[in-house]
There are 2 protein chains.
Amino acid sequence: MAKSPPSRKSSKQDLKPQIRIMFRKAIAMGPGKADLLRAIDETGSISAAARQMEMSYRRAWLLVDTMNQAFKSPVVVTLTGGKAGGGAAVTEFGKEVLQRYSTMEEKASASVAKELRSFTDMMNGG
Amino acid sequence: MAKSPPSRKSSKQDLKPQIRIMFRKAIAMGPGKADLLRAIDETGSISAAARQMEMSYRRAWLLVDTMNQAFKSPVVVTLTGGKAGGGAAVTEFGKEVLQRYSTMEEKASASVAKELRSFTDMMNGG
DNA sequence: GTACGCTATATCCATAAGAATATAGCGACT
DNA sequence: AGTCGCTATATTCTTATGGATATAGCGTAC
């Protein structure tokens, strides 16, 4: 039988340059943290975002903590208690960080798109 | 006393986009592997390159192995025995891979240079 | 044929990263 | 006052990563 495309995760098609902003050996901002910020903005909580991204709350919390430490102002603020038990929100500052990061991702990606394709040709079937 | 700048490793100034080419969850090519290729090309052996980069031979060998598996042709060929006990060389194909990767690094870096600087302003003193 | 230095590989160990779990605290709402 | 769901944190366990070490095999030079 023809092999059915089995829920492929990263394949050659996913190739893209990754921007990683380092801060004292830790990643202050990268693809994963950007996704997390978007998920927190969407869901309004760290734990909901973690569930959506299928990671542990602990890990999500640590990522948020790393970001908040790296930037001059918090990118995420939290509150405990309240009707929903608490929650988290991406600050305006955080949204700006995210926006600028996304811009960088797009620019970098566009700038190497052509080269990336010829690179693909040199690789085995990812 | 004033705290003297203690042999800083990565600081804000080092910020640059990283290109990582993935192959089945493994990094087929990235900054570290590119450096290793350059070191092998320079030294003519995996172990000398490993020493130069202060990593274990095992690790260097694994990195080479990953690359060779990811690409259609080997990027490094080795020979055992001989006057120097053996050695390794970056193939012409490997040099092309490296060349193209370096080009991508430069282009991506240039394309986001401006944004990267404003990003820096939002971060704490790295 | 012995020595040399490198490749190639296996084994074991230390450390780091992350998952899972447990628990405390909080505040709005009922 | 009690419930709820989330933040915040500690603890334990598993797994992954890499370092260190040991050994075998190889071919040239001596």
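Below, chain A is the first sequence line, B the second, and so on; all start at residue 1.
At whole-Å resolution of the value, CE in A:Met55 and P in C:dA20 are 13 Å apart. Note: CG (A:Leu79) to P (C:dG27) measures 10 Å, nearest angstrom. Atom pair A:Arg58:CZ and C:dA16:P shows a separation of 14 Å (rounding to whole Å applied). Going from atom CG of A:Leu62 over to atom C1' of C:dA16 covers 13 Å, rounded to whole Å. In this structure, the NZ atom of A:Lys25 is 14 Å from the C1' atom of C:dA16, given to the nearest Å.
Contact annotation: the side chain of B:Tyr101 approaches that of B:Pro31 to within less than 4.5 Å [non-hydrogen atoms, C-beta and beyond]. Between B:Thr91 and B:Val76, the closest side-chain pair of non-hydrogen atoms is not below 4.5 Å. Residues A:Arg100 and B:Met122 form a side-chain contact, since some pair of their non-hydrogen atoms from C-beta on lies under 4.5 Å apart.
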Would you list the protein and nucleotides 3-5 of chain C atom pairs, both N or O, that sit under 3.5 Å from each other?
| from | atom 1 | to | atom 2 | distance (Å) |
| --- | --- | --- | --- | --- |
| C:dG5 | O3' | B:Ala84 | O | 3.2 |
| C:dG5 | N2 | B:Gly85 | O | 2.8 |

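When heavy atoms are screened at a 4.0 angstrom cut-off, A:Ala48 is found touching no nucleic acid atom at all.
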Please assess B:Phe71 against A:Asn124 for the test side-chain contact (heavy atoms from CB on, under 4.5 Å), listing each intermediate value before the final yes or no.
CA-CA 5 Å; B:Phe71 290 97; A:Asn124 283 315; 5.7 Å; no
- side-chain contact (heavy atoms from CB on, under 4.5 Å) assessment of B:Ile27 paired with B:Thr66: CA-CA 8 Å; B:Ile27 300 172; B:Thr66 299; over 6 Å; no
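One hydrophobic cluster, built from ILVMFWY side chains closer than 4.5 Å, cannot hold both A:Val97 and A:Val77; they sit in different ones.
With respect to the salt-bridge test (charged N to carboxylate O, under 4.0 angstrom), the residues B:Arg38 and B:Glu42 do not qualify.
Judged purely by atom type and a 3.5 angstrom limit, B:Lys33 has no side-chain atom pairing as donor or acceptor with the backbone of B:Val64.
The outermost nucleotides of DNA chain D lying under 4.0 Å from heavy atoms of chain B, listed 5' to 3', are D:dG18 to D:dA29.
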